[in-house]
Amino acid sequence: MAGTDQSKIRNFCIIAHIDHGKSTLADRIIEMTGLLTSREMQSQVLDNMELERERGITIKAQAVRIVYKARDGEEYIFNLIDTPGHVDFNYEVSRSLAACDGAILVVDAAQGVEAQTLANVYLALDHDLDVMPVINKIDLPGAEPERVIEEIEDIIGIEAADAPRISAKTGINIEEVLEQVVEKIPAPGGDAGATLQALIFDSIYDSYKGVIVFCRIKEGTVKKGTPILMMATGARAEVVEVGYFGAGQFIPCEELSAGMVGYITASLKNVKDTRVGDTITNAQEPCTQPLPGYKKVNPMVYCGMYPADGAKYPDLRDALEKLQLNDASLQFEPETSIALGFGYRCGFLGLLHLEIIQERLEREYNLDLVTTAPGVIYKVYKTNGEVIELTNPSNLPDPSEIEYMEEPIVKAEIMVTSEFIGAIMDLCQERRGIYEGMEYIEETRAVLRYRLPLNEIIYDFFDALKSRSRGYASFDYEIAGYEQSELVKLDILINKEEVDALSFIVHAGTAYERGRKMCEKLKEEIPRQLFEIPIQAAIGSKIIARETVKAMRKDVLAKCYGGDITRKKKLLEKQKEGKKRMRQVGNVEIPQKAFMSVLKLDDK
Amino acid sequence: MKPLELYIHIPFCKKKCNYCDFLSAPADRRERAAYVESLCQKIRSFRELAEAYCVATIFVGGGTPSILSVWQMGQIFRAVKETFWLEDSAEITIEVNPGTVNADKLTAYKGMGINRLSIGLQSTDDRELAALGRIHTYGQFLETYSMARAAGFQNINIDLMSAIPHQTRESYEKTLRRTAGLAPEHISAYSLIIEEGTPFYEKYREGKNASDLPDEDTERRMYEDTRRILKEYGYHRYEISNYAKEGFECRHNLGYWERAEYLGIGTGAASLIENRRFTEGEEPDILSREEQMSEYMFLGLRKIKGVSKSRFREEFGSSMEKIYGNVLEDMKKKGLMEEEGDYVRLTERGIDISNYVMSEFL
């Protein structure tokens with residue numbers, strides 16, 4: 001690949017509101033450029049994790065290199081970089097964007113501009129990307145491309161008159177998109193002869209090659225044998241192989257030079273050495289400045305994960321270790337619970353990240369897990385001057401030893417159309433938010449600024465926001481440090497016994513309400529048993545709420561007609577299946593999902 | 001020759017009851033005639049299988065089988081007799097609903113060899129009957145019952161139902177006493193289940209109109225009442241919901257719990273032949289040894305006397321303790337099962353929550 005003409009390279013991503021057809025367009029582009037025939041191609045090639053395809057969201061950044069023969073007769077190299085699609089991975093998104101020079105903005109011809117459309121455009125503009133709009137789903141009955149084009153020009157303020165009107169699903173006008181990529185997305189800059197400066201936008205672990213670093217070469221050239229230095233982590237290695245991304249495979253090449261997107265392997269054993277956002281330079285002649293924007297991403301949400309079958313504890317450790325090879329932001333350390341036995345306290349970027357890891361452990365590693373309620377890291381200042389970073393509520397010292405506690409606070413920006421401002425302000429109020437200001441970015445759209453406790457937003461804030469704004473609000477936040485707060489530990493007693501795995505930290509002002517709701521929820525979740533079971537919520541020794549699960553009701557005396565045993569069997573199997581998902585705590589069988597009940601307190 | 005139970009399904013009724021989710025629906029004369037014709041063909045198609053068996057019981061169920069004409073019923077019995085060997089003392093039952101039979105029909109049944117009637121009464125309270133959507137009154141039932149006795153039937157079952165809308169403990173007790181006072185040989189007492197796809201499901205789901213229905217505690221007391229009151233009249237409970245005077249236990253019903261071989265003929269009818277369970281028109285389910293053992297347990301436990309340990313060993317070649325020792329211990333410890341001699345059975349509490357106990361054997 002030596003000597004690739006920079007002017008023939010286009011590095012871009014596709015941005016869109018959810019469901020506007022981002023992945024379908026990516027599929028179609030890959031298919032059109034002949035990289036894969038449609039028969040070979042599984043739908044949505046870029047989202048290659050089974051889970052990603054199922055959830056329809058991208059979790060890890062993906063890239064693919066495509067060769068396109070344009071109408072001008074020249075061959076162009078397209079590097080299409082797919083970005084993760086959730087606020088938990090905002091930082092990863094920003095690094096993926098930083099690896100691009102332009103973005104295709106997909107807008108649904110019927111839905112028009114929506115909250116995420118805007119949020120994504122602003123994000124792209126923040127990274128100096130040229131944004132090229134495309135109107136998708138023109139084959140739908142409700143499509144109004146002209147109105148949507150006007151909307152794009154009015155609301156976003158970018159030229160959209162000649163935006164390709166396409167249907168990614170049926171393949172209409174895809175070639176026009178490719179032509180415009182050539183015309184409208186700028187070719188990369190950078191000097192192949194300069195000192196090496198490459199941006200890491202993702203890395204994965206491969207058991208044969210070690211860590212494979214995904215990077216964009218900003219300046220200089222890298223090839224086999226180049227001694228490299230990761231500027232933030234300080235890790236050093238010698239390059240073993242460089243190459244680019246075929247569809248679903250890595251294709252080695254001679255060298256990567258300024259403007260190119262590709263991968264590097266360098267016998268690195270751990271993705272922790274190759275943090276997203278870090279700058280790779282030449283160890284022998286390092287550049288003076290790293291590329292801007294690097295942040296070390298730390299877990300913000302913690303929960304306990306326990307194998308349902310205690311004997312699977314070593315399997316859980318193996319699985320976590322394997323996942324961590326690919327996911328530098330996943331952390332874990334052993335812990336023990338009286339109710340749940342041996343397990344791990346795990347740290348995640350956010351709730352989605354938690355759910356993804358949980359599902360992967362269950363699916364890919366076949367583990368049956370009990371997960372406790374997620375929480376944030378609290379700082380506990382003890383009377384003896386000691387400071388504890390508390391990730392597990394059970395470890396909270398006795399109140400007499402606590403001077404005060406602090407909780408993490410975030411600065412949140414919520415973009416919302418004016419009609420929903422009231423509803424969103426109410427929501428923030430309920431979540432102990434402190435109003436910091438509001439700006440109208442245009443007539444009907446405003447940005448609300450709030451300081452919010454992190455533990456009020458990790459659960460269902462995002463969902464609540466969406467439902468109260470009919471999907472129109474978008475939300476972004478950054479950690480703004482710790483603040484002193486009136487916090488208490490809420491304990492749950494089942495059949496008069498404290499269940500440590502159900503304890504959680506809560507603001508004193510909402511403790512009664514939460515305790516009551518928690519008991520109600522557990523009453524729903526815990527099936528009737530042979531005897532009556534009291535469920536109580538307590539702060540210290542004070543009981544603040546109580547519910548009772550009645551003893552098991554008698555079974556109906558069904559007529560078993562004409563020997564239809566199969567039906568009876570199915571009924572019993574269902575009952576049996578229910579029992580399997582239970583955890584014996586003392587005399588009581590608690591369903592595994594009950595340990596996550598605290599998450600569902602606001603369901604209505 | 002091995003014994004066989006025959007079940008024949010007649011999927012027709014005058015009008016569907018509000019709680020009914022069985023395979024049954026009103027149909028016109030032509031549809032009924034076509035069904036009977038194809039049913040007779042199906043019966044005859046088992047000629048080969050029939051060689052190895054001798055039929056011990058026949059149960060003609062529905063729907064409302066008595067809705068068929070005497071001639072049609074005669075066709076069916078002719079087909080059966082031409083195809084199968086019948087035991088001399090075979091128990092032959094037909095389900096009838098009040099208002100669908102007259103003296104002639106009943107006499108004709110007798111002539112076909114039918115020796116047991118199962119009459120659907122459900123309640124002796126006309127308001128409760130109306131709420132269930134039954135087509136008859138208590139008075140019409142009494143008429144049918146007397147006709148049956150007059151026709152010479154000496155083995156009659158009456159079906160009752162508890163936990164139905166507007167029922168109270170008092171009204172249920174009245175139903176029990178009135179029924180037992182008539183001295184039928186057998187009484188079946190089920191409780192109402194609100195099944196999906198029935199008018200009741202729409203009416204009562206998610207706790208709607210709950211005030212119509214007896215509450216849980218009342219329901220449980222009704223079950224206790226059933227046993228206590230029927231005992232006064234000389235009925236003993238031999239199966240979770242079935243009561244009989246000595247010697248009149250329903251052989252056909254017991255067969256299901258004892259895993260006798262049975263052949264179901266007619267729409268949706270289920271069969272168990274040589275450890276294959278199948279329903280007409282579906283793939284057979286071949287039972288493994290484990291499944292056979294588990295069925296032996298959870299089906300057998302519906303019988304009040306329980307399951308026999310020696311028969312278990314005979315059938316499966318290993319002891320019940322060896323296979324289910326842990327479960328049995330646990331259930332005994334929880335007071336849900338008990339042992340007496342060769343038999344292991346549910347306790348009263350175990351009967352209350354029989355599904356919980358039975359599912360342990362899956």
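The basis for the numbers below is simple: all heavy atoms, side chains too, and nothing from hydrogens, waters or symmetry mates. Numbered from 1 within each chain, the chains take letters A, B, ... in sequence-line order.
At a 4.5 Å heavy-atom cutoff, the contact between B:Leu287 and chain A is made by side-chain atoms alone. With a 4.5 angstrom heavy-atom cutoff, B:Leu336 touches chain A only via side-chain atoms. For B:Leu272, no part sits under 4.5 Å from any heavy atom of chain A, backbone or side chain. For B:Glu295, the part lying near chain A is the side chain, with the backbone staying farther off; criterion is any non-hydrogen pair under 4.5 Å. For A:Lys569, the parts sitting under 4.5 Å from any heavy atom of chain B are the backbone and the side chain alike.
Residues A:Glu513 and A:Arg516 are paired through a salt bridge, judged by an N-O separation under 4.0 Å between the basic side chain and the carboxylate. A salt bridge between B:Asp217 and B:Arg221 is absent, with no side-chain N of the basic residue lying under 4.0 Å from a carboxylate O of the acidic one.
Within the 4.5 Å cutoff, the side chain of B:Ser271 has no heavy atoms near those of the B:Tyr7 side chain.
Applying the side-chain hydrogen bond (donor to acceptor under 3.5 Å, both in side chains) test to A:Glu362 and every residue at least two apart in sequence or in another chain returns nothing.
Between B:Tyr262 and B:Tyr256, the ring centre distance stays below 6.0 Å.
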